[in-house]
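Report on the structure given below.
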Amino acid sequence: AREAGDRALLMRCYINLPAVRQRRGDPTAPLAEMIDEGLVLARRSAATNTVAWLACNQGAFLTEAGRFDEALAYQDEGIAQLRILNAVRLSTQLRLRAWLHWLRGDEQAARSDVEEAERAQSETEPQTAEAAPVSRAWLAWATDPRGAMTGLHAWMTANPSLRGSPSGVAQELARMAMRLGDKAVVVRAVAVYRERHPTIDAPIYAARARWMEALVAGDHRPLEGVALVYEEAGYPVFAVDALADAAVLAARAGVPSDAEKRAIELCTELGMHPMLGPLPETRWLDPDPAPARSAHD
């Protein structure tokens with residue numbers, strides 16, 4: 001019994017330690033190695049719940065690392081286990097897999113996962129609550145960008161006490177509002193971000209804070225440095241997002257920048273389809289355009 005208890009405690013450490021380190025922005029590669037060690041133990045022990053946790057976590061980590069095909073295999077494994085367990089986490093994990101499908105350019109699969117997540121919606125933990133409104137906004141963005149922004153803003157206003165994920169409501173709202181030229185919403189989103197995210201002495205947290213402040217200032221230059229921090233830490237998906245924001249701001253200001261070129265090169269290398277539309281994002285040079293084709297074409 002003691003041996004079984006020790007094994008259970010060890011497997012819990014494989015779940016918690018990488019997750020804590022990932023949330024503070026540690027480099028992804030060693031975290032992925034740690035989770036794979038835990039998965040070997042969990043599968044050997046037929047620990048279904050632990051397999052579900054670790055596989056879903058690994059899918060999320062590898063998504064952020066731009067290793068999309070590998071990430072999908074882990075997400076599929078984790079979600080299959082959650083279905084067996086009838087777990088309340090299923091809806092959140094479906095939304096995270098939808099994000100991955102969108103990044104891979106499979107809009108139909110992404111929509112299917114979001115729709116299933118809506119049907120399976122159940123009580124969620126505060127740290128995962130933002131997955132629902134963000135996925136709904138991404139779903140609406142392609143054909144109704146202002147409606148997507150308005151819905152996200154309404155959710156943020158109605159949930160003032162929640163602390164979200166690194167790419168949660170406030171950040172996505174600020175990025176959408178910047179494209180639509182709604183400075184008041186950008187300012188509000190960044191203010192909420194400051195309130196909800198404590199100052200942590202970690203490069204990724206510092207870079208994310210600079211990202212938000214750059215959106216308020218409308219300055220592309222800090223964003224190019226932010227992207228470099230993300231690249232060096234093994235988070236190329238977020239590097240692309242920062243570069244895409246920088247490219248829009250630079251083009252509006254009429255100043256030279258390599259951000260667009262770097263973003264397109266990274267997307268080509270990763271096989272990535274940016275969440276807010278194909279690059280270059282010329283439609284946003286005149287804010288609040290008419291609806292265009294799918295953002296994930």
Side-chain angles (χ1 to χ4, degrees), residues 1-104 106 109-110 112-114 116-117 120 122 124-131 135 165-168 202 204 230 232-238 270-272:
R2 181 175 180 179
E3 182 180 348
D6 289 345
R7 186 182 299 113
L9 180 61
L10 177 61
M11 287 191 290
R12 192 67 191 176
C13 291
Y14 277 116
I15 294 171
N16 290 346
L17 182 58
V20 169
R21 291 180 57 185
Q22 186 261 357
R23 286 187 66 82
R24 76 180 184 189
D26 284 15
T28 55
L31 304 184
E33 292 176 6
M34 190 183 305
I35 291 179
D36 270 338
E37 289 179 11
L39 270 169
V40 169
L41 177 60
R43 290 167 179 152
R44 187 180 301 151
S45 303
T48 303
N49 189 54
T50 303
V51 170
W53 270 106
L54 289 174
C56 288
N57 285 356
Q58 187 74 311
F61 293 178
L62 294 181
T63 297
E64 295 178 357
R67 294 161 59 180
F68 300 143
D69 291 342
E70 295 172 75
L72 182 59
Y74 284 105
Q75 287 282 24
D76 288 348
E77 179 182 10
I79 286 173
Q81 298 299 324
L82 291 176
R83 293 189 195 283
I84 294 170
L85 295 167
N86 194 26
V88 297
R89 305 193 309 277
L90 177 60
S91 61
T92 295
Q93 293 303 326
L94 285 167
R95 295 179 193 280
L96 290 175
R97 189 172 68 178
W99 178 41
L100 172 57
H101 284 314
W102 267 315
L103 291 171
R104 296 176 75 244
D106 191 343
S112 178
D113 272 353
V114 173
E116 183 182 353
S122 57
T124 57
E125 296 177 324
Q127 64 266 30
T128 62
E130 293 192 343
S135 67
S165 63
S167 57
I204 290 297
Y230 277 108
E232 291 177 346
Y235 294 86
V237 168
F238 296 138
L270 299 172
M272 175 179 163

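Remember, it's a predicted structure, so these values are computed and weren't measured experimentally. Residue numbers start at 1 and run along the sequence shown.
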Contact between [X] and [Y] at the side-chain level, heavy atoms closer than 4.5 Å - yes or no?
| X | Y | answer |
| --- | --- | --- |
| H101 | L72 | yes |
| L96 | C56 | no |
| V114 | R95 | yes |

Looking only at heavy atoms, what is the nearest atom pair of [X] and [Y], with distance?
| X | Y | answer |
| --- | --- | --- |
| T63 | A71 | OG1-CB, 3.5 Å |
| A117 | S91 | CB-O, 3.5 Å |
| L270 | G66 | CD2-O, 3.8 Å |

Run the numbers on V237 and W99 for side chain to side chain contact (heavy atoms under 4.5 Å, CB included), then give the verdict. CA-CA 11 Å; V237 168; W99 178 41; 4.1 Å; yes
Rounded at 0.5 Å granularity, tell me how far [atom1] in [X] sits from [atom2] in [Y].
| X | Y | atom1 | atom2 | value |
| --- | --- | --- | --- | --- |
| Q81 | Q93 | CD | CD | 12.5 Å |
| E130 | T92 | CD | OG1 | 11.5 Å |
| D113 | I79 | CG | CD1 | 6.0 Å |

List, one per line, each side-chain donor-acceptor pair under 3.5 Å for residues 31-41, sequence neighbours excluded.
residue	atom	partner	partner atom	Å
D36	OD1	Q58	NE2	3.3
D36	OD1	Y74	OH	2.7
E37	OE1	Y14	OH	3.3

Kindly determine whether Q75 and L62 satisfy side chain to side chain contact (heavy atoms under 4.5 Å, CB included), including the steps that lead there. CA-CA 10 Å; Q75 287 282 24; L62 294 181; over 6 Å; no
Per the salt bridge (Lys or Arg N to Asp or Glu O under 4.0 Å) rule, what does the pair list look like for residues 70-80, sequence neighbours excluded? R43-E77, R67-E70, D76-R97
